[in-house]
Amino acid sequence: MYLTMLTFIKGIYNTIDNYFFELGVHDIIKRRRLIFQFSLQHCAVGKKFGPGGLTRKLEDFMEQKSGLLQVN
């Protein structure tokens, strides 16, 4: 069971990492910070995304981040 859970978490992490990389965030430190910020907001224990839900949450997160960047 634990191995299955770790594989699942690793898959989500890799998906999030790849999303930011494809978006153009090639600096590994910046990507890790974004992953950390995203996970604080959207990856609570027991929270499920459903089909396509992770991508929608990532898109919403980046829209929020770009809105904050434009204000500052």
Side-chain angles (χ1 to χ4, degrees):
M1 178 176 165
Y2 293 113
L3 184 57
T4 304
M5 182 63 91
L6 289 174
T7 302
F8 177 72
I9 292 169
K10 183 180 175 188
I12 290 174
Y13 180 86
N14 288 338
T15 300
I16 295 168
D17 185 52
N18 188 59
Y19 176 84
F20 290 135
F21 184 84
E22 293 294 323
L23 206 60
V25 184
H26 296 159
D27 182 332
I28 190 74
I29 295 171
K30 289 180 183 178
R31 262 197 340 270
R32 296 301 180 254
R33 285 182 182 150
L34 284 171
I35 291 169
F36 181 71
Q37 291 170 356
F38 176 81
S39 64
L40 286 175
Q41 291 181 18
H42 298 287
C43 296
V45 173
K47 206 175 212 183
K48 302 202 183 230
F49 295 109
L54 180 57
T55 302
R56 281 193 299 275
K57 291 289 186 188
L58 286 164
E59 290 168 351
D60 292 345
F61 174 77
M62 288 310 291
E63 283 180 24
Q64 179 186 33
K65 294 295 279 181
S66 66
L68 289 174
L69 293 174
Q70 290 174 2
V71 170
N72 292 331

J.: Applying side chain to side chain donor-acceptor pair (under 3.5 Å), name anything that partners Glu59, two or more places apart in sequence or on another chain.
T.: none
J.: Going hydrophobic residue to hydrophobic residue with side-chain gaps under 4.5 angstrom, can you get from Ile16 over to Leu23?
T.: yes
J.: Return the CD1 to CG distance between Ile12 and Leu54, rounded to the nearest 0.5 Å.
T.: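 Separation between the atoms: 6.5 Å.
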J.: I need the Tyr13 OH to Arg32 CZ distance, nearest 0.5 Å.
T.: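 Atom-to-atom, Tyr13:OH and Arg32:CZ are 3.0 Å apart.
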J.: If you count heavy atoms of other groups shown closer than 6.0 angstrom to CD1 of Ile29, is the number above 12?
T.: no
J.: Between atom CG of Asp27 and atom CZ of Arg33, what is the distance when rounded to the nearest 0.5 Å?
T.: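 The CG atom of Asp27 sits 8.0 Å away from the CZ atom of Arg33.
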J.: Rounded to the nearest 0.5 Å, what's the gap from CD on Gln64 to CD on Gln37? Could you check?
T.: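 If I round to the nearest 0.5 Å, the distance is 9.5 Å.
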J.: Which atom pair, heavy atoms only, marks the closest approach of His26 to Arg31?
T.: O-NH1, 3.1 Å
J.: Considering only heavy atoms from C-beta outward, does the side chain of His42 approach that of Asp60 to under 4.5 Å?
T.: no
J.: Give, for atom CZ of Phe20 and atom CD1 of Ile28, the distance between the pair rounded to the nearest 0.5 Å.
T.: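 Between Phe20 CZ and Ile28 CD1, I get 12.0 Å after rounding to 0.5 Å.
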J.: What's the separation between atom OH in Tyr19 and atom CG in Leu58, rounded to the nearest 0.5 Å?
T.: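 These two atoms lie 5.5 Å from each other.
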J.: Below 4.5 Å, heavy atoms only, C-beta onward: do Phe36 and Leu40 meet side chain to side chain?
T.: yes
J.: Which label fits Phe61 and Phe38: parallel for a plane angle under 30°, tilted from 30 to 60°, or perpendicular past 60°?
T.: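 Perpendicular: the ring planes of Phe61 and Phe38 meet at over 60°.
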